[in-house]
Each structure stands twice: as C-alpha cells, then as structure tokens.
Student: 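I have a structure I would like to understand better, so I am pasting it below and will then ask my questions one at a time.
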Amino acid sequence: MLKASCTALIIALLGQPAAGAERAVIVVLDGLRSTEGFDDPEFTYIPRMGFDLAPQGALARDCSNNGATLTIPGHAAIGSGRYQNLPDDGSVRPIFPLLWEYYRDQTGAPETATVIPTTKRKIRCMSYGTWTGYGSADSARLIGPTWDDEVTTSLFLADMAANAPVVSMLNLGGIDMGGHTGVWNDYISTIRTADSLVAAIWEAIESDPVYAGRTNMIVTGDHGRHSDGYGDWSEHGDGCPGCRRIPLLALGPDFREGFVSWIACQQTDLCRTLGSVLGIPTPFAGGRLLSELLANPASVPAIDQPGSLRVTAAGRIVRFRIDGEDGPLDLAIYDLLGRRIARGSCASDRDWSWTAGAAGVYFYSAGSRTAGRIVIIP
C-alpha cells in the first residue's frame, strides 16, 4: 500500500524532479569538533573546506546532533531522518528506512545505484534498516572497512567511475580514531587529511561528465567531541556543546552559493531535504526541509508524507487535522527563509487553522513526524 501511494505521489506531484540535482553524496566527518572546524574563523585545520568550498555552497553554522552523540546513532539520524537509541558497536541496524532504501524502493534502481564506502567496520550496519517493506532488497553496497580515509576516498572515486552511484554516503572515520588516541597532533593530522579529501571528492564530482552540475554534496558530522570544561576532549557522548555541534556544508545546483545560515537545524533534516530535491518521498523521516539553504525553494516539489495528518487550504486559511490519532501534535509554519512565523497544535478532537498573511510558498513541520510545503495562490 505504501509503495503504491508513494508511486502515485511521484507521478501526480513530481513528474520529473524540478530541482537541479540527480545525485547525492553525503560525506560524514566522523568526530570533528566544531572548534577545529568551521567555528574557527581562520579555518586553521580545514583551509580547503573553509576557503575553497564554503564560498561555493551554503554553510549552516548552527547545526546539531540532538540525539545520542555517538557514531552509529549519528549516522542513523543522517540517513533516516530519525533519532534512534542504537548501540554504538554496529550490532543493531537502524529501525527506520534510510535514504538509499527509499531511493531503490521507489525507483527500482539496481544495487549499483547506492553505495557506502566506510573507514570504520561498524558503519556496515547502515546498509539497510529493519522497517517492514524495506530492508536488504533495498540495501546500499558496502566498500570497506578500510581503516584509512585516503583509501576510502580512493575506492569511492573508483566506484564513481565504474558504477556512477546515485546516492552515496561516505564515512571518513579517521578524525574520530585520531581523536580517541588522546594525542592532539594525531587528531589535527587526521582533520587536515580529511579536509584535503573532501576537496578532492568535490573536484572529482565537478570534473566528471556524469556528476558535474547534477550532484549535491553534503559535508556533515555524526558527533563532535567534549568541549573544554566538560570532559576529556578525546571522548564524546554527552549533551555538551562540543559533542552536539556538527558541520553542515551543502554544495551543488540545489543550494545557495556563498551563503551562511544561522537558522538552527539538525541531523534529522538531511534525509528529508535530500529526498525532496531528488524527488523521493521519505515518508518515515522526521526533520524539516532546509529551505533556507536552497537556491530556489519554490522549485522543490512538495512531497506530502502518508499518514494521519491532513492539510487543506481554502484561500489563505490552512487547516490541520489528525485522523484517528490522539495527539496533540505540535505544528510550526516557516517562510522561505526558514523563519518560524506561526505555531499551534491539533489533536483528534481539535483542528488548528492558520491564516497566511500573504500569498506565497510556506513550509510546515509537525513535530518529528512529517513536513511539507504549502502554496497560497493570490
């Protein structure tokens, strides 16, 4: 039933994706603390990302991991759009479907279309989740573990040339491994290496005739490290600012160029955002569309998510209703710049109505369950 409804949504709402990208590459900088990353105005350890890549894309300066600040939960939140309490040893797969599962399930793409190159062994559990209707049939191919970020990157670039995957997620785990040694120079050296590798990946994308101008690349993190005064910098796992704050740089045709955003966002926004620009519904993802980072938010298709929330509009009045669910469900309305302009709640016995001040494009979020676009016609 879900597959049929998703197919109908794609045909009815999308046709062909209205946005510019046909491919997505996610690069996860495992364990980079923000003070050694984009929070350093001199970009001391990340000169390529800071001075060369950031001016080409949209940089979110207030991005957080609001779940468990560990490797496996962090990667699961990026891939699925849901925070999940998972052991950090890779022994348990994510519960919710992952972006590559949505893609293969809804397009029928072959296994060559998705790939996860990884430095760390435990990331192998990210190839697919356990949600009914998805799973191993929709899994991503695995490359590694390599235990070396340079090898991981080299193998990914070779796979790009051989298979041209559509959805890829790379784990560059060297930073975290360097950090856990407790030797500052080891940690810094791995950051510098990752910085050069990220630049090399983007340069390869932009020089490849299949990928150039058709690929979005997200550079982000799974978690940081303890802030000074909160514990040993070599460790992580609590809610301190250093552990929660993560990088987010979005490059590609769908994202703004030379833009810096201070609007709060989080890991769980990435699955929905990449799914939207690729034209792929992500019905079980939470988070919101990162409209403030998009070059042309109005061009991104509105993909309604299946579920009990019903959204209807008559003129400038938009009504939110829950069918067969108790609630209450917290709701928020955002403008094209990602600013929250209204909030409310509804339950099975209580609707919420919002009146738009003007015609235009708005976005709504309903807790962590769903999000979508509202178009108010003049």
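Just so we're clear, the structure is a prediction, and the values are computed from it rather than from any experiment.
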Student: Same cluster or not: Leu331 versus Ile317, using hydrophobic residues (I, L, V, M, F, W, Y) connected whenever any side-chain heavy atoms lie under 4.5 Å apart?
Tutor: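 No.
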Student: Are Leu290 and Val167 co-members of a hydrophobic cluster defined by side-chain heavy atoms under 4.5 Å apart?
Tutor: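 Both belong to a single hydrophobic cluster.
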Student: Is it true that Lys122 and Asp88 have a side-chain N and a carboxylate O under 4.0 angstrom from each other?
Tutor: yes
Student: Would you indicate whether the side-chain heavy atoms of Ile26 and Leu270 approach each other to under 4.5 Å?
Tutor: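 No, their side chains stay 4.5 Å or more apart.
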Student: When you look at Ile218 and Asn216, which way does the side-chain contact (heavy atoms from CB on, under 4.5 Å) test go after all the steps?
Tutor: CA-CA 7 Å; Ile218 300 291; Asn216 292 324; 5.6 Å; no
Student: Listed by chain and number, what are the side chain to side chain contact (heavy atoms under 4.5 Å, CB included) partners of Met160, not counting sequence neighbours?
Tutor: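 Met160 satisfies side chain to side chain contact (heavy atoms under 4.5 Å, CB included) with Phe156, Leu157, Ile205, Asp208, Tyr211 only.
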Student: One pair to check against ring-ring contact (aromatic ring centres under 6.0 Å, His included): Tyr362 and Trp354. What are the steps and the verdict?
Tutor: CA-CA 12 Å; Tyr362 301 88; Trp354 169 71; 5.1 Å; yes
Student: Any salt bridge between Arg48 and Asp195, counting N to O under 4.0 Å?
Tutor: no
Student: To the nearest 0.5 angstrom, please state how far the CZ atom of Arg256 sits from the CD atom of Glu292.
Tutor: 9.0 Å
Student: Could you list all the ring-ring contact (aromatic ring centres under 6.0 Å, His included) pairs where at least one residue sits in residues 235-280, not counting sequence neighbours?
Tutor: His180-His236, His223-His236
Student: Going by heavy atoms in the side chains, are Asp159 and Pro117 under 4.5 Å from each other?
Tutor: no
Student: So, taking the atom named CD1 in Ile246 and the one named SG in Cys265, what distance separates them when rounded to the nearest 0.5 Å?
Tutor: 7.5 Å
Student: Tell me if the centroids of the rings in Phe96 and Tyr134 come within less than 6.0 Å of each other.
Tutor: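 Between Tyr134 and Phe96, which both carry aromatic rings, the centre distance is not below 6.0 Å.
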Student: Between Arg82 and Phe284, is there a donor-acceptor pair closer than 3.5 Å when you use the side chain of the first and the backbone of the second?
Tutor: yes
Student: Going by heavy atoms in the side chains, are Arg93 and Tyr128 under 4.5 Å from each other?
Tutor: yes
Student: Could you work out, with side chain to side chain donor-acceptor pair (under 3.5 Å) as the rule, every residue matching Tyr83, not counting sequence neighbours?
Tutor: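 Per chain and number, Tyr83 pairs via side chain to side chain donor-acceptor pair (under 3.5 Å) with Gln266.
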Student: When you measure from the side chain of Thr69 to the backbone of Gly237, do you find a donor-acceptor pair of N or O atoms at a distance under 3.5 Å?
Tutor: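 Side chain of Thr69 to backbone of Gly237, a donor-acceptor pair under 3.5 Å: yes, one is there.
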Student: Find the distance between CD1 (Ile280) and OG1 (Thr107) and round it off to the nearest 0.5 Å.
Tutor: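 It is 6.0 Å, given to the nearest 0.5 Å.
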Student: Once side chain to side chain donor-acceptor pair (under 3.5 Å) is applied, do any residues pair with Arg61, and if so which ones, sequence neighbours excluded?
Tutor: Asp39
Student: Given 3.5 Å as the limit, does a donor-acceptor pair link the side chain of Ser139 with the main chain of Ser136, or not?
Tutor: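 Judged by distance alone, yes, a pair lies under 3.5 Å.
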Student: Among all residues two or more places apart in sequence or in another chain, which pass the salt bridge (charged side-chain N to carboxylate O under 4.0 Å, His left out) test with Glu235?
Tutor: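 Partners of Glu235 by the salt bridge (charged side-chain N to carboxylate O under 4.0 Å, His left out) criterion come out as none, since no residue qualifies.
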Student: In chain order, what residues pass the side chain to side chain donor-acceptor pair (under 3.5 Å) check against Asp232, with sequence neighbours excluded?
Tutor: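 Listed in chain order: Ser234.
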Student: Which residues satisfy the salt bridge (charged side-chain N to carboxylate O under 4.0 Å, His left out) test with Asp30, sequence neighbours excluded?
Tutor: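 Here the qualifying residues are Lys120.
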Student: What pair of heavy atoms forms the shortest contact from Arg141 to Asn163, and how long is it?
Tutor: NH1-ND2, 3.7 Å
Student: Mind listing the closest non-hydrogen atom pair of Cys243 and His226 along with its distance?
Tutor: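 Looks like SG-ND1, 3.4 Å.
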Student: Under the rule for side chain to side chain donor-acceptor pair (under 3.5 Å), what residues qualify as partners of Thr35, not counting sequence neighbours?
Tutor: Arg33
Student: Would the distance check show the side chain of Thr220 and the main-chain N or O of Pro247 forming a donor-acceptor pair, the cut-off being under 3.5 Å?
Tutor: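 Yes, Thr220 side chain to Pro247 backbone: donor-acceptor pair under 3.5 Å.
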Student: Please answer: with hydrophobic residues joined when any side-chain heavy atoms are less than 4.5 Å apart, are Leu249 and Leu293 in the same cluster?
Tutor: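 Result: no, two separate clusters.
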Student: Please check this pair: side chain of Arg225 against backbone of Trp233, looking for a donor-acceptor N/O pair closer than 3.5 Å.
Tutor: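 At least one qualifying donor-acceptor pair exists.
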Student: Side chains of Pro94 and Met126, heavy atoms from C-beta outward: is any pair under 4.5 Å?
Tutor: yes
Student: Heavy atoms only: give me the nearest Glu206-Ala212 pair and the separation to one decimal.
Tutor: O-CB, 3.3 Å
Student: For Pro281, is there any backbone N or O sitting under 3.5 Å from a side-chain donor or acceptor partner on Gln106?
Tutor: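 Yes, the answer is positive, given that a donor and an acceptor are paired below the 3.5 Å cut-off.
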Student: So, does Arg272 use its side chain to make a donor-acceptor pair with the main chain of Leu289 at under 3.5 Å?
Tutor: no
Student: First locate atom CD1 of Ile263, then atom OH of Tyr334, and finally report the distance between them rounded to the nearest 0.5 Å.
Tutor: 9.5 Å
Student: Can you get from Val115 to Leu172 by hopping between Ile, Leu, Val, Met, Phe, Trp and Tyr side chains that sit under 4.5 Å apart?
Tutor: yes
Student: How close do Arg23 and Pro165 get, heavy atom to heavy atom, and via which atoms?
Tutor: NE-O, 3.4 Å
Student: Donor-acceptor pair, distance only, cut-off 3.5 Å: does the side chain of Arg244 make one with the backbone of Asn65?
Tutor: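 Pair found, side chain donor or acceptor close to backbone of Asn65.
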Student: Using every non-hydrogen atom in the two residues, find where Arg288 and Thr273 come nearest and quote the distance to one decimal.
Tutor: O-OG1, 3.4 Å
Student: Is Ile46 linked to Leu29 within one hydrophobic cluster, defined over Ile, Leu, Val, Met, Phe, Trp and Tyr using a side-chain heavy-atom separation of less than 4.5 Å?
Tutor: yes
Student: Can you measure from CG (Leu197) to CG (Asp149) and round to the nearest 0.5 angstrom?
Tutor: 6.5 Å
Student: Using the salt bridge (charged side-chain N to carboxylate O under 4.0 Å, His left out) criterion, which residues pair with Glu22? Sequence neighbours excluded.
Tutor: none
Student: Which pairs with one or both residues in residues 55-82 pass ring-ring contact (aromatic ring centres under 6.0 Å, His included), sequence neighbours excluded?
Tutor: none
Student: Excluding sequence neighbours, so at least two apart, what forms salt bridge (charged side-chain N to carboxylate O under 4.0 Å, His left out) with Asp62?
Tutor: Arg245
Student: Stepwise, does the side-chain contact (heavy atoms from CB on, under 4.5 Å) test hold for Ile376 with Val318?
Tutor: CA-CA 9 Å; Ile376 304 297; Val318 182; 3.9 Å; yes
Student: For the residue pair Tyr187 and Trp184, is the inter-centroid distance of their aromatic rings smaller than 6.0 Å?
Tutor: yes
Student: Backbone N or O of Ile95 within a donor-acceptor pair of the Gln84 side chain at under 3.5 Å?
Tutor: yes
Student: Minimum heavy-atom separation for Ser227 to Cys240, with atom names?
Tutor: N-SG, 3.5 Å
Student: Between the main-chain N or O of Gly129 and the side-chain N or O of Glu101, is there a donor-acceptor pair closer than 3.5 Å?
Tutor: yes
Student: Using side chain to side chain contact (heavy atoms under 4.5 Å, CB included) as the criterion, list what pairs up with Gln56, not counting sequence neighbours.
Tutor: Leu53, Trp202, Leu251
Student: Could you go through Cys271 and Tyr102, starting from their C-alpha distance and side-chain angles, then the distance that decides it, and tell me whether this counts as side-chain contact (heavy atoms from CB on, under 4.5 Å)?
Tutor: CA-CA 10 Å; Cys271 180; Tyr102 287 127; 4.2 Å; yes
Student: Let's go through Ile72 and Asp89 carefully: what are the C-alpha distance in whole Å and the side-chain angles of both, what is the deciding distance for side-chain contact (heavy atoms from CB on, under 4.5 Å) to 0.1 Å, and is it a yes or a no?
Tutor: CA-CA 7 Å; Ile72 294 302; Asp89 60 2; over 6 Å; no
Student: Are any non-hydrogen side-chain atoms of Thr215 and Val210 less than 4.5 angstrom apart?
Tutor: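 No - every pair of side-chain heavy atoms lies 4.5 Å or more apart.
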Student: Do Thr282 and Leu99 touch side chain to side chain, with heavy atoms closer than 4.5 Å?
Tutor: yes
